[in-house]
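Following: one structure in structure tokens, then a few remarks.
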Amino acid sequence: MIEARELTKRYGDKTVVDALSFVVKPGEVTGFLGPNGAGKSTTMRMVVGLDAATAGTVTVNGKSYAKHPAPLHEIGTLLEAKSVHPGRSAFNHLMALAYTHGIPRRRVDEVIELAGLTSVAGKRVGAFSLGMGQRLGIAAALLGDPAIVMLDEPVNGLDPEGVLWVRNLLRSLADEGRAVMLSSHLMSETALIADHLVIIGRGRLLADTTVDDFTREASGGGVKVASAEAGRLRSLLAGPDVTISSSSAEELLVSGRDASQIGRIAAEHGVALYELTPQAVSLEAAFMDLTRDVVEYQSHLAESERKAA
Ligand SMILES: Nc1ncnc2c1ncn2[C@@H]1O[C@H](COP(=O)(O)OP(=O)(O)OP(=O)(O)O)[C@@H](O)[C@H]1O
């Protein structure tokens with residue numbers, strides 16, 4: 001488990017992580033999201049002591065990272081896939097890490113195979129493609145068989161097979177009871193991988209929720225209904241906490257009744273429905289909506305599209 005409490009990082013007079021509190025729980029994949037410059041990498045670096053917190057605390061399985069005598073068994077990380085000596089082979093890189101913890105060669109061979117690097121294990125890492133580097137970084141993260149895995153942009157540079165591999169791998173790690181944290185800019189991929197979301201903007205917590213709740217709430221929770229008898233249906237569905245709007249003569253957007261209630265009421269009164277669709281927005285749309293005001297680096301095009309919308 002990772003627990004951050006009021007975690008804060010300042011560079012000069014700029015606060016890049018601002019009193020951030022969250023928990024990454026075992027058995028779940030937590031997606032860590034935020035626009036460019038939101039403070040994700042800085043937060044992840046503080047988790048493993050690469051950056052010192054200005055205030056607040058963060059613990060890894062109950063202790064600060066530096067207090068663990070064998071940290072590779074507690075948390076495996078991929079923070080900067082290219083931070084590997086370019087002249088070393090993948091095998092030697094992993095062996096060097098393994099020596100620091102008395103991890104046997106057998107485990108190095110295992111993670112090389114798991115990451116699909118067997119055929120290139122003897123090659124210089126400097127000649128690796130971005131995707132191969134990512135695979136090596138993930139192999140290194142898994143080396144100590146840790147209870148927590150924390151990965152910064154793990155699917156960056158991977159081909160579709162690699163993306164699928166990471167998705168299945170992270171799912172199985174969480175299903176084994178490990179705590180998995182990943183940052184990503186790929187919303188559709190995060191929606192498929194993550195159970196939980198921690199979303200930050202300008203260093204502050206914006207949302208701590210599940211993927212399902214986040215996308216449902218962003219949609220307003222309405223149900224779209226279409227019928228030739230929309231007017232009659234409207235009065236049948238009316239109630240104290242029900243709001244109904246219509247975008248055309250045959251369409252209603254109903255809040256306050258779920259799809260099964262609407263279907264039942266329509267059937268009881270012999271009203272034929274053409275459509276009955278619970279409204280949900282994509283994670284991307286919900287994310288854009290939430291982070292609209294905290295985007296630090298924005299293109300002029302995106303800005304003018306937003307103003308026009
Ligand atoms: N060593 C440093 N000195 C000064 N400012 C820094 C330093 N490291 C990061 N920052 C600033 O902190 C802010 C957060 O950066 P960080 O890399 O943590 O964001 P991020 O959410 O990971 O962004 P991205 O999605 O672009 O990777 C940025 O404004 C960045 O310029």
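When a ligand or atom number is given, it counts from 1 through the structure's own listing order.
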Under the salt bridge (charged side-chain N to carboxylate O under 4.0 Å, His left out) rule, what pairs show up with a residue in residues 94-107, not counting sequence neighbours? Arg105-Asp109, Arg107-Glu110
Contact check, Gly34 vs ligand 1, heavy-atom distance below 4.0 Å: no
Which atoms from ligand 1 have a heavy atom of Lys40 less than 4.0 Å away? 18 (O), 19 (O), 20 (P), 21 (O), 22 (O), 23 (O), 24 (P), 25 (O)
Would you mind writing out the side-chain donor-acceptor pairs for residues 149-162 within the sub-3.5 Å range, not counting sequence neighbours?
| unit_1 | atom_1 | unit_2 | atom_2 | d |
| --- | --- | --- | --- | --- |
| Asp152 | OD1 | Ser183 | OG | 2.4 |
| Asp152 | OD2 | Ser41 | OG | 2.9 |
| Glu153 | OE2 | His185 | N | 3.4 |
| Glu153 | OE2 | His185 | NE2 | 3.3 |
| Asp159 | OD1 | Glu161 | N | 3.4 |
| Asp159 | OD1 | Gly162 | N | 2.7 |
| Glu161 | OE1 | Arg135 | NH2 | 2.9 |

For Arg45, is the nearest heavy atom under 4.0 Å from an atom of ligand 1? no
Closer than 4.0 Å to some heavy atom of Val16 - which atoms of ligand 1 meet that? 11 (C), 12 (O), 13 (C)
Identify the heavy atoms of Leu252 and Ala230 that sit nearest to each other, and give their distance. CD1-O, 3.6 Å
Interfacing atoms of ligand 1 (cut-off 4.0 Å, heavy-atom, Asn36): 23 (O), 24 (P), 25 (O), 26 (O)
Cation-pi geometry met for Lys63 and Tyr65 (6.0 Å, 45°): no
Taking 4.0 angstrom as the limit, do Asp289 and Arg292 come out as a salt bridge? yes
N/O of Ser41 under 3.5 Å from N/O of ligand 1, yes or no? yes
Under 4.0 Å from any heavy atom of Ala38, which atoms of ligand 1 are there? 19 (O), 20 (P), 21 (O)
Determine whether the side chain, the backbone, both or neither of His185 has a heavy atom under 4.0 Å from any heavy atom of ligand 1. side chain
For atom 16 (P) of ligand 1, tell me which residue out of Thr42, Leu33, Thr15, Val17 has the closest non-hydrogen atom. Thr42
So, 4.0 Å and heavy atoms of Lys9: is ligand 1 close enough to count as a contact? no
Contact between Val125 and Pro86 at the side-chain level, heavy atoms closer than 4.5 Å - yes or no? no
Asp195 bridged to Lys25 by N-O distance under 4.0 Å: no
